[in-house]
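Just below is one structure, and these are the notes that go with it.
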Amino acid sequence: MAAVLALSLSSALCNSRHLFAQAIPASVKTAEASIDPEKIRAHVKFLSDDLLEGRGPGLRGSEIAAKYIATQLALDGLKPAGDNGTFLQQINFVGMNAIPAKTTVALLPKSGSPINLRYADDYTISNRTLTPSVDIDAPVVFVGYGVTAPEFQWNDFAGVDVKGKVILCIVGDPPSTDPKFFGGDALTYYGRWTYKFEQAARMGALGALIIHRTDLASYGWDVVKNSNTSEKTYLRDDKNPQLQAASWIQLDVASKLFASAGLDVNTEIIAAGKRGFKAVELPVHFKTHIESTVRPFQSANVVAILPGANAGGKDQAVMYTAHYDHLGLVQGMAGDNIYNGAADNATGCGMLLEMARAWAQSGIKPPHSIIFSAVTAEEQGLLGSEYLGQHPPIPAAQIALDINYDMILPIGVPLETNVNGAQRTTFFAAVEETAKRFKLAIVPDPRPSAGSYYRSDHFSLSRVGIPAFSIETGDLYEGHDAAWGKKQHADFTAHDYHNFTDNYHDDWDFQGNAKLDRFGMDLGWQALSAPTSVQWKAGDEFEAARQSASK
């Protein structure tokens, strides 16, 4: 029986390879060879210049970046795929920023004194209904991890009505060592804070309090504070239900909250991770007055297309994406106050533009269309790519694959690549074979517990069913050992990531960026020329979305 099963698996793998293993035409190889690292450098140098003021969405520098990218795509001869015959897909946003001096939060136990919380030190909060002010005085319901996952027979909301109330939940997934149950050590989307806020709103809650614990979140409170005490951006026209109060609280605040109900926080967290957990309404009210600044604005995705021979028919287009926004600047701050975002993500945009040029100027008429999109508001929660997924230039069912580039450090030629998510698709065997040809060893996600797959723009395309993944590097580079590469990445994360020091450097080496561009171009051709479209593997969480898009 084991031999039969092994033969069956081997046959399936061979069939998968056969579907996508295409001989690469000389014209495509020539186009790949034309990828120029110095052209990538030039784009990165401009996009990360102080002139663009950190490319914050809705601000002057962001508009300059979008127009620069659109102009480059037009010069390359690509067709516009944005609004009204332009390259720009305008999106309506609203920026919300709670005003600390006018915002108050307190926990009111049924017996005992009120627990008044301090903004930023104890909690963060945002009003997602996009109104200037809101008041809540509602009971708190502890719902464990705040997850409804029928495929795992798990429902933290079973037997409780949270309409008009405020939920309290734990960051992360229910604990598991089984990869078939909440991903084992890997974080699923159910563990992401975005899901918990979305699900609370779907269940009719007025607000949600996420309990932060560093080991479960994989980041400290400072990350939560820095990410949630500045302006938060939302899609203005989002029709999904929204929370009046989307909040994080420190673990010690949760401890006081449970103690006021005669419970121990650690005991309750452990119980919430076991089957049989029952949500419970606590004898505590959450009372808040939130006043916010409200800033409506527009920011654009930049979208271009190279029409294929089957455009207008049954297309199986390939899409390439990269976000061009970053964190903007801090007005009135002395010294370097610009988040230039050179690595994050001027590099991905430079690679996108150089690949677009190579495709457009190759003279190749691809069998299916190729789409290029530089998206906005990634740093605000993947909002530009979310809008792109909801409003693709051609139907989502006709897009076979999205390949995304995000923050590729220009530090040399990689010998490893992380293509997290590709293994979930029928295209993975082709990715493996192509990586070998490019002398790239495929390495696993180094931090699966951080849920990295759900934190970059490819995820937005996955949610509407499009098979999607990002191409990243591992730690091994030509001329160095893995320890050197690991140190470079760690140093960047510790000192430059989302900091004022993420600046362009003249000594950066863009040969590796060019190599990964060629790798992505090669993969794109294989998906374009395959006899069948790329699909999610059976049982994948995005398979249903793909099937729905195809109806």
Side-chain angles (χ1 to χ4, degrees), residues 17-44 69 71-79 81 304-311 315-322 347-374 399-405 408 410 412-415 417 419 422 427 429-440 442 471 473 478 509-531 534:
R17 286 198 177 101
H18 176 71
L19 288 174
F20 297 104
Q22 307 292 319
I24 307 300
S27 57
V28 174
K29 291 182 179 179
T30 300
E32 290 175 10
S34 76
I35 296 285
D36 185 349
E38 292 308 304
K39 286 185 171 64
I40 298 174
R41 178 192 299 277
H43 293 310
V44 172
I69 293 166
T71 299
Q72 295 299 318
L73 294 169
L75 288 171
D76 293 336
L78 291 155
K79 303 297 183 185
I305 191 166
L306 180 63
N310 283 336
D315 219 335
Q316 63 178 56
V318 167
M319 177 184 286
Y320 295 98
T321 51
T347 57
C349 287
M351 293 168 71
L352 183 84
L353 287 172
E354 176 58 359
M355 186 188 292
R357 182 206 61 76
W359 272 119
Q361 295 183 1
S362 68
I364 298 168
K365 180 70 171 180
H368 300 277
S369 300
I370 307 175
I371 301 164
F372 303 91
S373 184
I399 301 176
L401 181 67
D402 170 66
I403 294 176
N404 185 60
Y405 290 101
I408 310 296
V413 179
L415 297 175
T417 184
V419 287
F427 193 55
V431 176
E432 289 181 302
E433 291 295 321
T434 308
K436 288 178 183 177
R437 286 195 287 106
F438 276 79
K439 297 182 180 179
L440 288 165
I442 294 179
I471 292 176
T473 67
E478 285 186 4
D509 180 355
F510 287 88
Q511 293 181 76
N513 301 71
K515 177 178 179 176
L516 294 184
D517 244 4
R518 297 181 189 114
F519 178 52
M521 197 169 182
D522 202 291
L523 291 174
W525 176 260
Q526 292 178 68
L528 290 165
S529 56
V534 180

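- How far OG of Ser529 is from CD of Gln316: 8.5 Å, rounded to the nearest 0.5 Å.
- With salt bridges taken as basic N to acidic carboxylate O contacts below 4.0 Å, one links Arg41 and Glu38.
- To the nearest 0.5 Å, atoms CG (Asp315) and CG (Leu528) are separated by 8.5 Å.
- Taking 4.5 Å as the limit, some side-chain heavy atom of Phe427 sits within range of a side-chain heavy atom of Gln526.
- Under the rule for a side chain to side chain donor-acceptor pair (under 3.5 Å), Glu478 has no partner lying at least two apart in sequence or in another chain.
- With sequence neighbours left out, the ring pair (Phe, Tyr, Trp, His ring centres under 6.0 Å) criterion links Tyr405 to no other residue.
- Here the straight-line distance linking atom OG of Ser373 with atom CG of Leu73 works out to 9.5 Å at 0.5 Å rounding.
- In plain terms, the two heavy atoms of Gly512 and Pro414 that are nearest each other are CA-CD, 3.4 Å.
- Pairs of residues two or more places apart, or lying in two chains, that qualify as salt bridge (charged side-chain N to carboxylate O under 4.0 Å, His left out) and include a residue from residues 347-365 are Glu354-Arg357.
- The list of salt bridge (charged side-chain N to carboxylate O under 4.0 Å, His left out) pairs with a residue in residues 510-526, not counting sequence neighbours, reads Arg437-Asp522.
- Contact detail for Met319 and Ile399: the closest heavy-atom pair is CE-CD1, 3.6 Å.
- Proximity of a side-chain donor or acceptor of Gln361 to a complementary backbone N or O of Asp76 within less than 3.5 Å is not detected.
- Residues Ile35 and Pro37 come closest through the heavy atom pair O-CD, 3.7 Å.
- Shown here for Ala304 and Leu78, the closest heavy-atom pair between the two residues is CB-CB, 4.0 Å.
- To the nearest 0.5 angstrom, His43 atom NE2 is 8.0 Å from Ile40 atom CD1.
- Under the side-chain contact (heavy atoms from CB on, under 4.5 Å) criterion, Ala422 pairs with Val419, Phe428, Val431, Phe469, not counting sequence neighbours.
- Thr417 meets the side chain to side chain donor-acceptor pair (under 3.5 Å) test with no other residue; sequence neighbours excluded.
- Proximity of a side-chain donor or acceptor of Asn513 to a complementary backbone N or O of Ile408 within less than 3.5 Å is detected.
- Remark: Ser27 pairs with Pro25, Ile364 by the side-chain contact (heavy atoms from CB on, under 4.5 Å) rule, at least two apart or across chains.
- You'll find the side chain of Trp359 stays beyond 4.5 Å of the side chain of Ser34, heavy atoms only.
- Lys39 pairs by the side chain to side chain donor-acceptor pair (under 3.5 Å) definition with Asp36, not counting sequence neighbours.
- Partners of Asn404 under the side chain to side chain donor-acceptor pair (under 3.5 Å) rule, at least two apart in sequence or in another chain, are Thr321, Ser456, Ser470.
- Taking OG1 of Thr473 as the reference point, atom CG of Leu440 lies at 10.0 Å (rounded to 0.5 Å).
- The two residues Ser369 and Ile305 come nearest to each other via the heavy atoms CB-CD1, 3.9 Å.
- In terms of heavy-atom proximity, Ala31 sits nearest to Ser362 at CB-CB, 3.7 Å.
- Put simply, the side chain of Leu306 reaches to within 4.5 Å of the side chain of Pro366, judged on heavy atoms.
- If you take CD1 on Ile370 and CH2 on Trp525, they are separated by 8.0 Å, rounding to the nearest 0.5 Å.
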